[in-house]
Each structure stands twice: as C-alpha cells, then as structure tokens.
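Below, chains carry the letters A, B, ... as their sequence lines are ordered, and counting in each starts from 1.
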2 protein chains.
Amino acid sequence: MKHQEAAENLREYLKNGNHRVTPERFIVLDAALDFKEHFSADELYASMKSSKLKVSRATVYNTLDLLADCSLLTVRNFGDKMKRYESSFSKQSHDHLICINCGKIVEFTSEQVGEIYKNVCSKLGFEPVNYSFNIFAKCKNKEKCPHLNEK
Amino acid sequence: MKHQEAAENLREYLKNGNHRVTPERFIVLDAALDFKEHFSADELYASMKSSKLKVSRATVYNTLDLLADCSLLTVRNFGDKMKRYESSFSKQSHDHLICINCGKIVEFTSEQVGEIYKNVCSKLGFEPVNYSFNIFAKCKNKEKCPHLNEK
DNA sequence: ATTGCTGCAAAACGTTTGCACCTAT
DNA sequence: ATAGGTGCAAACGTTTTGCAGCAAT
C-alpha cells in the first residue's frame with residue numbers, strides 16, 4: 001500500500017456507503033495513483049496485467065467509478081470515446097488543452113473558469129457538481145508539433 | 001432543399017476538397033439542420049429512417065463528420081459515450097450545463113469563456129481551434145428537478 | 001474511365017452485464 | 001448467514017470498416 005492517506009480515505013468512504021473493503025479495491029487504487037498523467041480504464045487494466053496484478057477488467061472499471069465517486073480520482077473527457085481518470089492528489093485544479101495534431105495534452109490553470117462555473121450555476125439555480133473545460137488547438141507551426149509523428 | 005445557404009456552403013466545401021457532390025450529403029444536411037437541439041448520429045439516422053429518407057447509417061456518420069469539418073455543425077461531448085451535433089446556424093455561441101439528475105441540457109452564454117480560451121492558446125503558443133465548456137450540476141431541490149422522472 | 005461514395009453487414013472499440021463462486025461483514 | 005464483490009465471457013451501444021456495386025467527375 002503505497003498511498004496510505006488515499007487508502008484511508010477510501011476505507012472511510014467504503015464503510016460509510018455499505019461497500020465492502022476488498023483487497024482488489026486497494027490494489028486498483030494504488031495502481032491508479034501510480035499512473036502518471038491521465039489514463040483510461042483499459043490502459044490501467046493493461047498496465048496492471050503486465051505488472052502481474054491480478055484484478056479483472058470488470059473490477060477495474062467498477063473500482064474506478066468508485067474512486068471517482070469518492071473524489072480520489074477525477075474523470076476527464078477529451079472528446080474521444082474513452083473516459084480518462086487522473087489522481088486528484090498532488091496537483092492543483094487545472095484544465096486541458098488538447099493538440100489536434102498529435103493528441104498531446106497540455107495542462108493549464110485559470111481561476112476565472114472556476115468562478116464562471118460557480119456564477120453560472122447560481123444564476124441558473126443549480127448546485128455545482130463539476131465542470132470540464134477543454135481547449136482543442138494546434139501548434140502554430142504544424143511541422144514543429146513535437147508529437148506529430150508519434151501516432 | 002430547405003436550407004439553401006448551408007447547402008451552398010457545403011457544395012463549396014466539397015468542391016474545394018476533392019469530395020463528391022452527392023444527393024445523400026444534402027439530404028443529411030437538411031435533416032441535421034431541421035433537428036432541434038442536440039442530436040447524436042444514431043438519433044438522426046433513426047429520425048431520417050422514420051421519415052422514409054433512405055440514407056444508410058454509414059453515410060449518416062460519414063456525412064456528419066464532413067459537416068462538422070466544414071463548420072456547418074458543431075460537435076459536442078457531454079461526457080457520455082455519444083457525440084452530439086448541433087447546427088452552427090441561428091444561434092450565438094454558447095456552452096452547456098448538464099443536469100446530473102435528469103440529463104436535461106441548459107444552454108448559457110459567457111463571453112468570458114471565449115476570451116479565456118483565446119488567451120490560453122496565445123499564451124501557450126497554440127492556434128485556437130475549438131473549445132468545450134460543460135458544467136455538470138443538479139437542481140437545488142432534487143425532488144423538483146422537472147425532468148427527474150423522465151428517464 | 002476513374003475513383004470516391006453508398007449501402008449493407010460485420011467488426012471494432014470501450015464499457016457493462018449475467019452468472020456462478022467467493023468473501024467481508 | 002447474507003449481501004455485495006469478483007472473475008470470466010458474453011452482450012452492449014456507438015461508431016468504423018470491408019467490400020461489391022454505383023454514380024459524380
């Protein structure tokens with residue numbers, strides 16, 4: 001258990017929610033928090049598989065939902081068909097710019113967006129839950145795009 | 001051909017891009033622009049089918065991509081697995097708030113978001129292409145959510 | 001005549017589900 | 001003892017693809 005604090009949070013959440021405290025859930029948590037950057041459920045599953053961590057695909061998917069529910073992971077949607085997850089720890093809140101040449105994801109922060117988010121909710125009479133702000137853009141010199149030839 | 005101006009744009013785009021000017025493409029265009037609000041590819045296909053418009057599913061999917069490429073349609077992604085499209089005409093640019101109780105989509109406008117979008121791109125050295133700003137929220141009184149029992 | 005487009009069905013893809021077994025409570 | 005979770009494979013829903021025939025150029 002590399003991520004003690006997160007594990008404590010998870011344990012708490014499980015107990016309060018009539019969920020069982022199973023070893024698989026902590027294995028997935030550890031693997032997810034180890035994953036640098038954003039990952040999809042299947043990427044995590046594949047990575048765990050190759051690390052000989054024996055948790056089924058269904059459990060990985062289920063557990064990721066759970067970890068998102070208890071805010072240990074944040075869900076991201078970059079316009080393709082896969083959900084992405086990222087650790088909620090160790091990083092201030094941020095948004096994403098996706099390069100449409102190469103798929104590279106650049107993170108940026110803007111406090112203003114968070115304010116707009118709250119203002120819109122209060123103006124429309126909704127309780128804020130979450131928001132997603134993604135920018136799609138391309139390098140100004142297409143040829144220079146550092147990742148253009150990666151995929 | 002109900003949407004003359006759009007059809008002209010499409011014809012232009014097709015000719016410039018080594019695409020053929022086929023009747024199917026204009027049928028899909030018309031149906032798409034007739035569709036109020038946001039729609040998925042399959043919703044449009046189903047609706048066209050029940051209107052006896054005989055265009056295959058593959059052609060609907062291909063044509064929607066094409067129409068998005070030439071900016072007659074705008075692509076939206078609301079965090080579920082389906083892409084949504086909407087007419088780029090007749091509406092000022094806007095963003096979306098999605099009710100997580102009922103799925104209802106509320107549109108709002110904020111000029112500030114557009115500015116942030118451009119600023120971030122120029123600061124990071126990217127050419128702006130597009131952005132998506134989605135707010136996920138819920139009605140303050142869950143019981144009152146007008147669409148809660150719809151699905 | 002060429003080559004891109006269409007329609008159809010089949011495949012692909014990420015994700016969810018059904019079910020029998022297991023295990024935390 | 002009993003929900004709830006797990007693993008596996010099969011199903012799912014959306015989208016893409018392969019291919020033979022067709023039609024715009």
[atom1] of [X] versus [atom2] of [N]: gap in Å, rounded?
X: A:Leu66; N: C:dA24; atom1: CG; atom2: C1'; value: 15 Å
X: A:His38; N: C:dG14; atom1: NE2; atom2: P; value: 18 Å
X: A:Asp80; N: C:dC13; atom1: CG; atom2: P; value: 14 Å
X: A:Met82; N: C:dC13; atom1: CE; atom2: C1'; value: 10 Å
X: A:Asn62; N: D:dG7; atom1: CG; atom2: C1'; value: 11 Å
X: B:Phe26; N: C:dC5; atom1: CZ; atom2: C1'; value: 14 Å
X: B:Glu43; N: D:dG13; atom1: CD; atom2: C1'; value: 13 Å
X: A:Leu64; N: D:dT6; atom1: CG; atom2: P; value: 12 Å

Closest-nucleotide mapping onto DNA chain D: is B:Asp65 or A:Thr63 further toward the 5' terminus? I mean the 5' end. A:Thr63

When you get a sec, tell me which of [options] is the closest nucleotide to the side chain of [X]?
X: A:Ser56; options: D:dC8, C:dG14, C:dA24; result: D:dC8
X: B:Ala58; options: C:dG14, D:dG7, C:dG7; result: C:dG7
X: A:Arg20; options: D:dG5, D:dG7, D:dA24; result: D:dG5
X: B:Arg25; options: C:dG7, C:dC5, C:dT15; result: C:dC5
X: A:Glu24; options: D:dG13, D:dT6, C:dG7; result: D:dT6

Return yes if a side-chain donor-acceptor contact under 3.5 Å exists between A:Asp42 and A:Tyr61, otherwise no. yes

Side-chain N,O ([X]) to OP1/OP2 ([N]) below 4.0 Å:
X: A:His19; N: D:dG4; value: no
X: A:Asn18; N: D:dG4; value: yes
X: B:Thr59; N: C:dG7; value: yes
X: A:Tyr61; N: C:dT16; value: no
X: B:Thr22; N: C:dT6; value: yes

Within the structure provided, determine whether A:Thr74 and A:Asn130 are in side-chain contact (heavy-atom separation under 4.5 Å). no

With sugar-phosphate meaning primed atoms plus P, OP1 and OP2, does B:Arg57 contact a base, only sugar-phosphate, or nothing at under 4.0 Å between heavy atoms? base

Carefully, step by step, assess A:His94 and A:Phe108 under the rule ring-ring contact (aromatic ring centres under 6.0 Å, His included). CA-CA 6 Å; A:His94 60 274; A:Phe108 64 88; 8.7 Å; no

Main-chain N/O of A:Ser47 paired to A:Ser50 side chain as donor or acceptor, under 3.5 Å: yes

Is the shortest distance from a Lys or Arg side-chain nitrogen in B:Arg11 or B:Glu8 to a carboxylate oxygen in the other one below 4.0 Å? yes

